[in-house]
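One structure is given below, encoded as structure tokens.
Since we're looking at a predicted model, the values are computed, not measured.
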Amino acid sequence: MDTDTTEKLRRLAFTPMRTQPPNATRPILDQAAKEVEVVDGGKVVHYLWGEGERRVLLVHGWAGNAGHLTVLADALAEAGCSVVVADLPGHGESEGAESSVIHFARAIEAANERFGPFHAVVAHSMGAAATTYAMARGVALERAVFVNPISSYTSLWRRSGEVMQVSPEAIGLVRSRAEQWLGVSFDAIEPALAAPEFTAGLLVVHDENDPESPITDSEALVAAWGRAELMRVQDLGHTKVLRDEAVVRRAVAFVTADGAGGRAGAAGAGAGAGAAGH
């Protein structure tokens with residue numbers, strides 16, 4: 001595959017489709033205060049609810065937006081938390097054409113500096129991978145909740161190749177091109193590699209039949225993390241799970257529970273990465 005084709009596929013993989021908030025969540029989104037911050041030269045829109053002492057950041061996934069997290073945001077605010085949700089770079093109302101897990105992580109770090117320190121992060125899909133990377137770079141948390149997380153870049157690139165209908169050899173070239181673009185190695189920042197350094201408590205919620213991210217990757221992440229637990233669900237899909245009553249209730253209870261939970265990211269800065277896909 002020639003260089004021009006590889007670069008075209010690289011841009012395709014890292015250009016998210018902008019989506020609109022679900023109609024049912026718009027009234028909650030409209031109730032939030034809105035603040036705009038500049039991250040890496042682009043405007044990032046933040047939505048804020050509540051005035052409690054516990055500060056919680058909610059992080060959407062690839063091709064998502066803040067509207068996907070409003071049910072969780074409302075429930076956490078009702079439970080006494082201050083809640084921040086961002087439209088991440090290249091998503092929702094925020095600026096940017098291309099994005100990646102590194103762009104996500106930088107926005108998480110910027111939000112932590114502006115609105116934190118955060119007691120917890122609740123992250124969906126690619127947002128969970130970005131949160132893990134941000135923690136490895138020093139974002140300190142007491143607790144984290146990952147919902148249908150991307151927990152392996154190896155699986156993610158395999159899935160990206162299937163979606164783009166290219167051969168494993170071709171997607172390998174796209175991956176290498178992306179690593180050159182971002183100046184990083186995906187192998188070096190596999191979430192399970194960083195997990196043993198974390199002392200924050202982790203709850204992973206994963207649909208056993210999630211078509212975007214295999215539950216086996218979450219099982220490996222939970223095993224590596226140590227202070228972690230896995231909540232298995234069925235037939236909730238990749239995104240609808242964010243609005244499920246039982247999942248929201250469990251996530252809120254985990255975030256607001258008193259008990260041991262070290263405020264820690266991980267020692268060292270780690271490497272960076274972008275990722276194609278959800």
Side-chain angles (χ1 to χ4, degrees), residues 1-19 39-42 44 59-65 87-92 94-108 123-134 136-137 146 148-194 206 209-218 220-221 237-239 269-278:
M1 188 165 63
D2 62 59
T3 302
D4 287 346
T5 301
T6 302
E7 174 59 16
K8 287 178 181 178
L9 288 174
R10 200 280 308 161
R11 289 198 300 268
L12 176 65
F14 287 85
T15 302
M17 177 180 66
R18 288 187 186 265
T19 57
V39 179
D40 288 342
V44 174
V59 185
H60 65 70
W62 190 257
N65 58 68
D87 278 332
L88 296 171
H91 294 71
S94 293
E95 294 180 342
E98 294 182 323
S99 194
S100 72
V101 69
I102 286 301
H103 294 75
F104 278 27
R106 288 172 180 161
I108 291 169
H124 176 234
S125 191
M126 179 66 71
T131 299
T132 304
Y133 174 68
R137 285 170 55 87
F146 293 167
N148 284 345
I150 298 298
S151 301
S152 168
Y153 295 114
T154 300
S155 297
L156 176 61
W157 278 107
R158 184 185 306 116
R159 171 65 176 161
S160 296
E162 293 170 355
V163 171
M164 291 191 285
Q165 298 183 327
V166 298
S167 69
E169 293 76 16
I171 202 65
L173 292 173
V174 176
R175 172 176 171 154
S176 295
R177 184 76 172 186
E179 290 176 331
Q180 293 171 9
W181 173 53
L182 292 164
V184 297
S185 164
F186 289 105
D187 287 341
I189 63 161
E190 279 288 323
L193 291 180
H206 207 124
N209 300 309
D210 180 14
E212 304 294 335
S213 177
I215 194 171
T216 51
D217 288 344
S218 281
L221 180 65
H238 190 64
T239 303
H278 308 271

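Checked against side chain to side chain contact (heavy atoms under 4.5 Å, CB included), A170 has the following partners two or more places apart in sequence or in another chain: M1, V166, S167. The side chain to side chain donor-acceptor pair (under 3.5 Å) check on T19 picks up N65, with sequence neighbours excluded. Under the side chain to side chain contact (heavy atoms under 4.5 Å, CB included) criterion, S155 pairs with S152, R158, P214, D217, not counting sequence neighbours. With sequence neighbours left out, the side chain to side chain contact (heavy atoms under 4.5 Å, CB included) criterion links L193 to E190. Here P149 pairs with A128, F146, S151, V204, H206, S218 under the side chain to side chain contact (heavy atoms under 4.5 Å, CB included) rule; sequence neighbours left out. Every residue two or more places apart in sequence or in another chain was checked for a side chain to side chain donor-acceptor pair (under 3.5 Å) with D4, and none qualifies. Remark: R106 engages D40 in a salt bridge (charged side-chain N to carboxylate O under 4.0 Å, His left out) (not counting sequence neighbours). Qualifying side chain to side chain donor-acceptor pair (under 3.5 Å) partners for T216, counting only residues two or more places apart in sequence or in other chains: none. In this structure, the salt bridge (charged side-chain N to carboxylate O under 4.0 Å, His left out) partners of E179, at least two apart in sequence or on a different chain, are R175. N148 pairs by the side chain to side chain donor-acceptor pair (under 3.5 Å) definition with nothing, not counting sequence neighbours. Residues forming a salt bridge (charged side-chain N to carboxylate O under 4.0 Å, His left out) with R18 (at least two apart in sequence, or on another chain): none. Checked against salt bridge (charged side-chain N to carboxylate O under 4.0 Å, His left out), E7 has the following partners two or more places apart in sequence or in another chain: R10, R11, R177.
Atom NE2 of residue H124 and atom OG1 of residue T131 lie 12.0 Å apart, to the nearest 0.5 angstrom. Between the CD1 atom of I150 and the CD atom of E212 there is a distance of 7.5 Å, given to the nearest 0.5 Å. Rounded to the nearest 0.5 Å, atoms OG (S160) and CG (L9) are 11.0 Å apart. Once rounded to the nearest 0.5 Å, the distance linking CD of E162 with CH2 of W157 reads 13.5 Å. Expressed to the nearest 0.5 Å, how far OG1 of T3 lies from CG of L173 amounts to 9.0 Å. The distance from atom OG1 of T154 to atom CZ of R159, rounded to the nearest 0.5 Å, is 16.0 Å.
Under the 4.5 Å side-chain criterion, counting only non-hydrogen atoms from C-beta, P89 is in contact with V44.
Across all non-hydrogen atoms, the minimal contact from A129 to Y153 is CB-OH, 3.7 Å. The two residues A105 and A134 come nearest to each other via the heavy atoms O-CB, 4.2 Å. Closest approach of S99 to W62, counting heavy atoms only: O-CH2, 3.4 Å. When all heavy atoms of L88 and A107 are compared, the pair lying nearest together is CD2-CB, 3.8 Å.
Ring geometry, H60 versus H91: the interplanar angle falls from 30° to 60°, so the pair is classed tilted. Using a 30° and 60° split on the angle between ring planes, F14 and W181 fall in the perpendicular class, above 60°.
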* Evaluate the criterion side chain to side chain contact (heavy atoms under 4.5 Å, CB included) for residue pair V59 and I108; output intermediate values, then yes/no. => CA-CA 8 Å; V59 185; I108 291 169; 4.1 Å; yes
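Using modelled atom types, one finds no donor on one side chain facing an acceptor on the other under 3.5 Å when comparing H238 with S213.
Side-chain N or O atoms of H103 include none that pairs as donor or acceptor with a backbone N or O of V101 at under 3.5 Å. The closest donor-acceptor contact from the side chain of S100 to the backbone of I102 lies under 3.5 Å.
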